[in-house]
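Note sheet for the following structure.
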Amino acid sequence: MTSTERTDVLVVGSGFGGAITAYHLAAGGAKVMVLERGPWLTGKDFDHDFKLGSSYTRAFDFTVGDGMSILGGNCVGGGSVVYFAAMPRAPRFVFERHGSIGRRMWPASVNRDTLDPWYDRVAESIPITQQNWEDVTYAGGLWAAACDHAGRTANPVPAAVDRSLCTNCNWMMAGCHFDAKQSLLLNYLPAAIAHGAEIRPLHEVQHISRTDDGGYRVHYDIMDDEDYRLRREGGTIDAKIIVLAAGAGATPVILQRSEATLGTMPHAVGRYFSGNGERLNTAILNEDKVREVLGLERENGLAYEANQIGKGPVVANWDRLDGSLPEFERFSLEQLYFPPGLGTILAQVPGALGPSWFGVDKKEVLRRWRSWLIIFQMIEDNNEGVFGPPPAKGNADRLSQQMLGVGRLKYDPTPQTLRAWALADAEVKDILERDGLAEVAAWTNDVVGAYTVHPLASCRIGDDPHTSALDDRNELRGHPGIFVTDGSAVPGALTVNPAMTISALAERAIPGIVAAAQERGVEVTYGAPAPDGSTSGRRGVAPLITSLSRR
């Protein structure tokens, strides 16, 4: 083991929650280190292929659980590198949800009005474009036309994409070779580095212990650059403030493993996990009907041609995002692309009796791959996920050289969640099966259970100490100086893509983290502009700083 290093603030993870906190604390004068489990990839490294060892397998982490599997980022920039760049704000009703606890799950201090100034700060730092109909892909237009035909509305999705740089290469999910997707590699992270923050890739945090002076010691391993099953000698770093932002599938595991050295964790650590209510439906299109009913046609005669590795959602149906509807009956429906491989395995044959992820009928569906349309639904789930005892190392037992592991998450959907999925499934079928446009089937849960690309709520904020691991300023209950700022802090499913809300909550947490650091003797201030120097967002949150800074 090397000698113990020291820093003011140690940030675990470099996704939205980690990059935002690292920037603001470094810009405020603190010495900041960021430990990231994955490699450091940039635009030139993002390959357009499926080869083992390419950016596709190096940058993803697919963790199989019991009833729920998680697909997330595993690289500097975290989920922002592999996300589809959809950046809507959460609907107002989300903040009033009761979910599984029978009372408001969000803190009283957080609602859409109090979070809007923090959303504005994010929008100032990450360029977000409200796409219009001229930006919509053919598949997006097809979904919009089908919604209109069924008497529903359709809306272009706001996205963090520079359209002047986008080449429509359709490999968006595997990083952006052209830097059109506005990942954290282009804003918060370089700004943090400019202010002296140090980012260390391939450093996996295992646990946290206390130091004699009231601070914390972080214990890490160094991961092999090619085979993530292999580890080299690690080390320790002492810090006065710890910010955990390793993702909702890893942050609770680190805290569970740290209980032996830190003491008892809040009851809600590793409980109340939400998969953001996500589920996918595949529509196998009848191309003749699409031309006949919707009047849509491509030059090559195909109504829709699936793309290689994915392009972000461009059109959504938000008719069911209606706060007057009962909880568990509200959801959104987005058109998107999804890569072959996992996508083609889990897609079901419409009309099949029982699971049909293999067999003769499935082979015929795969032959028609270029005529698929995939609809992504986000319902209100019931926070059913619970993490079991952590593995000896990392967040999962690695099965393969890269990407694949077995975790400790158990997810058993309640009747409320199952009914919500069924309502969304029925809505998709009603829209796309009218007049024979398509045959629709939901993806199977029989292979890897439910699945999510937006894990949430495993260390959530709240007012009730029994049902929330963090207070309303993201500090871990009973462990002052440890903060959580990733998706695990979000209390429950949002019914829309969560990146914007995770980012806004991270921005909102900074004043409290700064105040805690100051109490521990760190010379740091709050008030940095956006990474590009803009200050309008800073002025917008000024009235909120005092209450968030009060200890």
Side-chain angles (χ1 to χ4, degrees), residues 84 86 88 90-94 97 99 136 139-157 274-286 289-290 293-294 296 303-304 313-338 343 346-352 372-382 413-445 450-454 492-498:
F84 275 142
R92 183 172 296 274
F93 65 77
V94 159
R97 288 197 62 206
V136 167
L142 195 156
W143 171 239
C147 287
D148 182 67
H149 177 68
R152 272 75 162 189
T153 64
N155 311 271
V157 177
S274 167
N276 200 35
E278 295 172 0
R279 184 174 170 91
L280 291 163
N281 277 228
T282 299
I284 312 299
L285 298 170
N286 181 322
K289 289 291 187 180
V290 168
V293 176
L294 302 181
L296 300 179
Y304 165 69
V314 290
V315 175
N317 171 268
W318 291 328
D319 291 350
R320 300 285 297 195
L321 298 186
D322 180 351
S324 68
L325 293 172
E327 190 171 4
F328 300 109
E329 294 188 12
R330 302 170 295 207
F331 53 81
S332 64
L333 305 172
E334 284 184 352
Q335 159 275 326
L336 54 74
Y337 298 94
F338 205 88
L346 298 180
Q348 297 292 278
V349 176
W372 286 17
L373 185 67
I374 294 176
I375 304 301
F376 182 48
Q377 50 181 249
M378 289 169 276
I379 59 113
E380 297 170 300
D381 73 2
N382 211 9
T414 64
Q416 293 99 321
T417 297
L418 294 173
R419 179 175 176 272
W421 276 333
L423 288 172
D425 289 345
E427 186 80 351
V428 175
K429 288 177 72 72
D430 188 52
I431 292 170
L432 285 171
E433 291 190 345
R434 290 194 178 213
D435 296 318
L437 287 174
E439 295 177 278
V440 176
W443 284 26
T444 181
N445 285 9
Y451 28 81
T452 181
V453 295
H454 299 132
L494 299 174
T495 66
V496 295
N497 313 75

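Just so you know, these numbers use all the heavy atoms, side chains as well, and skip hydrogens, waters and symmetry mates.
No side-chain donor from either of T153 and W318 sits under 3.5 Å from a side-chain acceptor of the other. Side chain to side chain, D425 and Q377 meet the donor-acceptor criterion of an N or O pair below 3.5 Å. Side chains of S274 and D381: a donor on one and an acceptor on the other come within 3.5 Å.
Counting all heavy atoms, side chain and backbone alike, P313 lies closest to F84 at CD-CB, 3.4 Å. Across N276 and H454, no two heavy atoms sit closer than the pair CB-O, 3.6 Å. Closest non-hydrogen pair, L325 versus R320, comes out as CD1-O, 3.7 Å. The minimum heavy-atom distance linking G140 with V315 is given by the pair O-CG2, 3.5 Å. D430 and R434 make their closest contact through O-CG, 2.9 Å (heavy atoms, listed as atom of the first residue, atom of the second, distance). Among all heavy-atom pairs drawn from I431 and A150, the shortest one is CA-CB, 3.9 Å.
With values rounded to the nearest 0.5 angstrom, Q335 atom CD is found 9.5 Å from I374 atom CD1. Expressed to the nearest 0.5 Å, how far CG of N317 lies from CG of D148 amounts to 11.5 Å. Between the CD atom in E278 and the CE atom in M378 there is a gap of 6.5 Å [rounded to 0.5 Å]. With values rounded to the nearest 0.5 angstrom, N155 atom CG is found 7.5 Å from D319 atom CG. Note that the OH atom of Y451 and the CZ atom of R279 stand 6.0 Å from one another [nearest 0.5 Å]. Rounded to the nearest 0.5 Å, atoms CG (L294) and CH2 (W143) are 11.5 Å apart.
Looking only at side-chain heavy atoms (C-beta outward), R152 and L333 stay at 4.5 Å or farther from each other. In this structure, F376 and L280 have side chains that are in contact, with non-hydrogen atoms separated by less than 4.5 Å. Within the 4.5 Å cutoff, side-chain heavy atoms of L285 are placed close to those of L142.
A salt bridge between R97 and E380 is present, with a side-chain N of the basic residue lying under 4.0 Å from a carboxylate O of the acidic one.
Distance alone, capped at 3.5 Å, places no donor-acceptor pair between the W443 side chain and the A450 backbone.
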